[in-house]
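Before any comments, here is the structure.
Every chain is numbered from 1, with letters handed out A, B, ... down the list of sequences.
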There are 2 protein chains.
Amino acid sequence: MSGHMPQPGKTILVEGGGRIPFIPPITHRIEETMARRKTITIKEVARMAGVSVTTVSNYLNGQMARMSADTREKVGKVIEDLHYQPSSAAQSMRSNSTKIIGVIVGDISNIFSSMLFGGIQKVIKPRNYSLMLLSTGNDPADENLCINKLIRQNVDGLIIQPTQDDPEAFYPIVNAHTPLVIVDGIVKATPKNAAHVISDNTPSSKAMCRELHERGYRRIVTVSETTAPTSSQLPRLEAVRHCTAKLGMEHVMLDVRGHDDAWLAERLRENAGPDAPRTAVFPLMGPLLFRTLTALQAAGLEFPGDLGLVSFDDWNWGRFIGGGVDLLQRDIDEIGRLAGESILQIIEQGHPEQTEISVPTRRIAGHSL
Amino acid sequence: MSGHMPQPGKTILVEGGGRIPFIPPITHRIEETMARRKTITIKEVARMAGVSVTTVSNYLNGQMARMSADTREKVGKVIEDLHYQPSSAAQSMRSNSTKIIGVIVGDISNIFSSMLFGGIQKVIKPRNYSLMLLSTGNDPADENLCINKLIRQNVDGLIIQPTQDDPEAFYPIVNAHTPLVIVDGIVKATPKNAAHVISDNTPSSKAMCRELHERGYRRIVTVSETTAPTSSQLPRLEAVRHCTAKLGMEHVMLDVRGHDDAWLAERLRENAGPDAPRTAVFPLMGPLLFRTLTALQAAGLEFPGDLGLVSFDDWNWGRFIGGGVDLLQRDIDEIGRLAGESILQIIEQGHPEQTEISVPTRRIAGHSL
DNA sequence: GTGAAAGCGCTAACAT
DNA sequence: ATGTTAGCGCTTTCAC
C-alpha cells in the first residue's frame with residue numbers, strides 16, 4: 001500500500017489525470033473553406049503554375065530530375081494552395097495499378113477476420129497499399145459476386161478466405177491475371193503462382209489427441225460447425241477421427257449447424273454421465289468455444305471435473321475463465337502478415353517465395369484438462 | 001442421457017457427421033482458362049456483338065428499353081462468353097460515383113472496429129456499396145493521410161472514428177463535398193450535413209455511479225486509456241468525476257498509458273486495503289476490462305470480495321468470468337447500422353435525418369458487484 | 001528542361 | 001433502335 005488516502009468528493013488523479021477536458025456541446029459547424037465551383041484537375045494546376053500538365057505529372061510521380069528547382073517549387077506551391085488531390089481513378093486507368101488489395105472473408109464478425117485484417121494491413125500499409133474488405137457471409141454465390149467486384153475494381157491483388165472449393169470460382173481471378181493468396185481455407189486446387197497460407201491443423205490436432213490420451217482421456221467430443229467445404233475444421237476433424245481410432249479412443253462428433261445451445265447442452269450432458277469414459281470436449285474454433293461454454297453453463301457441467309476442455313483460438317479470454325482454458329492458439333496476426341507478404345511478392349516478382357505456408361499453432365496450458 | 005454408447009475406435013457422428021471429406025493434398029494447379037492477349041473492353045464487346053459501344057453501355061446500365069430483344073440477347077451472350085467485366089475506374093471517372101464508402105478507425109485490432117464494420121456493411125451491402133477500411137493506429141497524422149487517400153479514391157462517403165478534434169482535419173472532406181459520418185469519437189465541431197453517432201456515455205456513466213452508491217460503494221476506481229482527445233472515455237470520466245463529487249464518493253482515476261499490468265496491479269492492490277472504503281473498479285472500455293482482469297489476477301484480488309467490478313463492453317465474454325461481470329454494454333452493431341444508414345441518407349438526400357444520434361447502453365447484471 | 005498530344009475504358013449528349 | 005463522338009483526369013511517348 002503506497003500511502004495516499006483519497007478524500008470523499010475529491011477526484012484523485014493517478015497519472016495523466018489532468019487530462020479530463022471540459023466536453024463542450026457541439027455548437028460549431030464547419031462551413032466550406034473555399035469557394036470552389038468544380039473539381040481541381042492537373043490541368044488547372046498546370047495553368048496556375050504556368051507549366052504544362054506533363055511537368056505537374058512528373059512532379060506528382062516524384063520525377064523531380066525532370067524539372068528545374070524553380071519549377072518544382074512553383075508547382076509544389078500551387079498544389080499546396082489548391083489542396084489539389086490527383087484522382088486515383090484517372091491514375092489507375094492509365095497506370096493499370098490501383099495500389100489496392102482486395103480481401104474477402106467469410107464472416108467479418110468472427111474475430112478471426114479482424115485479426116487477419118490487422119496482420120495484412122501491418123505489412124501492406126508501409127508499402128503504400130490500401131485494403132478493400134468484403135465479407136460474404138459464407139455464401140459461395142456472394143463470394144463470386146465479391147470476386148468480380150474486386151476484379152472490376154482492378155485490385156492489384158486478392159486475399160481470399162474461400163468458402164467454396166470449386167476451382168471455377170478462381171477463373172475470373174486467373175483470367176484477370178490478378179495475384180492471389182488463399183488464406184485459412186482448404187482447397188484442392190489453387191491457381192498457378194498463388195500462395196496458400198493455412199494453420200498446421202492436422203499436426204496440432206493429432207498432437208492434442210495424443211496428449212489427451214496420455215492424460216487418461218478415452219473419449220473426445222469435437223464441437224464443429226462446418227458450413228463450408230473449405231473449413232479448416234475439416235482437417236482437424238479428420239485428424240481427431242484418425243488419431244482416436246489409432247489410439248483406441250472414442251470420438252463423438254457434434255456439429256452445431258442448425259442447433260441451438262440447448263441442444264448442445266443436452267449432448268454434452270449425455271457425454272458426461274457417471275458411466276462414461278473420461279471425456280474431453282474439443283471446440284474446433286474460437287466462436288465454438290464460446291458456444292460450448294454457454295452450453296456447459298446451461299448443463300450445469302464443470303471442467304475439468306465433469307468434462308475436460310480444450311479449444312482452438314480463445315481470442316485471449318480463456319485465461320480468465322475458470323482456472324484458465326487449455327488451448328491450441330493460432331497466431332492470426334502472423335497468418336495475416338504472411339498473407340500480406342505473399343501477395344506483395346506475387347505482385348512484385350510474379351510469384352510467391354513459398355506457395356504452401358503452414359503457420360504453427362501454440363499449445364497453451366490451462367487448468368481445464 | 002439418450003441411449004447411444006460409443007465404442008472405442010469408432011467415430012460417432014452426431015448430426016452432419018457424414019460430411020468429413022477426404023482432404024486431398026494439393027496437386028492440381030489451375031492454368032489460364034482463356035488465351036487472352038489484352039484486357040477486354042467495351043469496344044471489343046461491341047465489335048464482337050456487331051453493335052456500337054453505346055448499345056453495350058446501355059446494356060450494362062440496364063437500359064434495356066433502348067434496344068431490341070434480339071440485340072439484348074446478342075450482347076448478353078458476348079459479355080458472357082468473354083467474361084467481360086467493365087472497369088470501375090473508367091465508370092467512376094465518367095459517372096463521378098464509385099459506390100465505395102471509406103471507413104477510418106483508430107485501431108482495427110480493437111473488436112469495436114470489426115463489430116462497427118459489420119454493422120455498417122449490413123446496411124450498405126444490400127444497397128450495392130463497398131467498404132474501404134483504413135486503420136490509423138490512433139495517429140492524427142496518419143488519419144490525415146487516410147482521409148486524403150480516400151478523397152483521392154473519390155469515395156461516395158466517409159465514416160470516421162476520429163482521433164483528433166481539430167476541425168481542420170475535416171477540411172479536405174468538406175472541400176471535396178464528401179458525405180461524412182463521425183462515429184464514437186467526441187468532437188466539438190462537425191461539418192454541416194455531417195451526422196454524429198455516439199453512445200450515451202454521460203447518462204449511462206452517471207446512472208452507474210448512482211447505482212454503485214446505492215449498493216454501498218463509496219469509492220470508484222476508473223481505469224482509462226485516453227490516447228485521443230476524442231476518446232469516448234473522456235465524457236465517461238467526466239461523468240464519474242461529477243457524480244462522485246455530488247454523491248460524496250471518492251474517485252480514483254487510473255490512466256494506464258505507458259504503464260504495464262504490474263503497475264495497474266499495484267494500484268488496484270492499494271485500493272483494496274482493509275481500511276479502504278467499499279470500492280468498485282470501473283474499466284471504461286472493453287480492452288481495459290481485459291487488462292484489469294489480468295491485473296486483478298496478478299494482484300491476487302477477487303471480485304466482488306476484494307473489489308467490485310463493472311465495465312463497459314465485454315465483447316460477450318464477461319458472463320464466463322467468475323460468476324459473470326456486471327456491464328454497461330454498447331450495441332456496436334447498432335452503432336454501425338446507424339452510421340451506415342446516415343451515410344446513405346447524406347449521399348442520397350444531401351443531409352442526414354438526424355445529425356446527433358446517441359445510442360443507448362444496456363446495463364447487464366452480473367455477480368461482480 | 002519542357003510541352004503537345006495520344007490514348008486508358010467508359011458514359012451521355014447528340015445524331016441518324 | 002442504334003451509332004458517332006466528345007470528353008472524364010491522368011500518364012507517357014516523342015518532339016523541341
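B:Asp165 and B:Thr230 form no side-chain donor-acceptor contact under 3.5 Å, judged by distance and modelled atom types alone.
Contact annotation for B:Ser92: no contact, since no heavy-atom pair falls under 4.0 Å across all strands. Among the heavy atoms of the strands, none lies under 4.0 Å from B:Tyr59. Heavy atoms of A:Thr54 sit under 4.0 angstrom from at least one base atom. A:Met67 comes within 4.0 angstrom of sugar-phosphate atoms only, judged by non-hydrogen atoms across all strands, and of no base. If you check every strand for non-hydrogen atoms under 4.0 Å, B:Ala89 touches nothing. Heavy atoms of B:Val51 sit under 4.0 angstrom from primed sugar atoms or phosphate atoms, though from no base atom.
Taking the side chain of A:Ser68 as heavy atoms from C-beta on, and the options C:dG1, D:dG9, D:dT5, the nearest nucleotide is C:dG1. With distances taken from any side-chain atom of B:Val53 to the nucleotides C:dG9, D:dT5, D:dC10, the minimum falls on D:dT5. Nearest to the side chain of B:Arg94, among C:dA4, C:dT11, D:dG3, sits C:dT11. Counting only heavy atoms from C-beta on, A:Thr41 has its side chain closest to D:dG9 among D:dT11, C:dT2, D:dG9. Comparing atom distances between the B:Tyr84 side chain and each of C:dC10, C:dC8, D:dT2 picks out C:dC10 as nearest. With C:dT11, C:dG9, D:dT2 as the choices, the nucleotide that has an atom nearest any side-chain atom of B:Ala90 turns out to be C:dG9. Checking C:dT2, D:dC10, D:dT2 against every side-chain atom of A:Gln91, the shortest atom distance belongs to D:dC10. Distance from the side chain of A:Ile42 is smallest for D:dC10 among the nucleotides C:dG3, C:dG9, D:dC10.
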Check the pair B:Glu44, B:Arg47 against salt bridge (charged side-chain N to carboxylate O under 4.0 Å, His left out), reporting the backbone distance first and the verdict last. CA-CA 5 Å; B:Glu44 179 79 358; B:Arg47 199 180 58 71; 3.5 Å; yes

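Separating the CZ atom of B:Arg66 from the P atom of C:dA12 is a distance of 9 Å, rounded to the nearest angstrom. Taking atom CD on A:Gln63 and atom P on D:dT12, their separation rounds to 8 Å, with Å as the unit. Taking atom CG on A:Asn96 and atom P on D:dG9, their separation rounds to 20 Å, with Å as the unit.
Under the 3.5 Å distance criterion, the side-chain polar atoms of A:Asn193 are left unmatched by any main-chain donor or acceptor of A:His351.
Along DNA chain D, the nucleotide closest to A:Asn61 and the one closest to B:Ala69 are compared, and the more 5′ of them pairs with B:Ala69.
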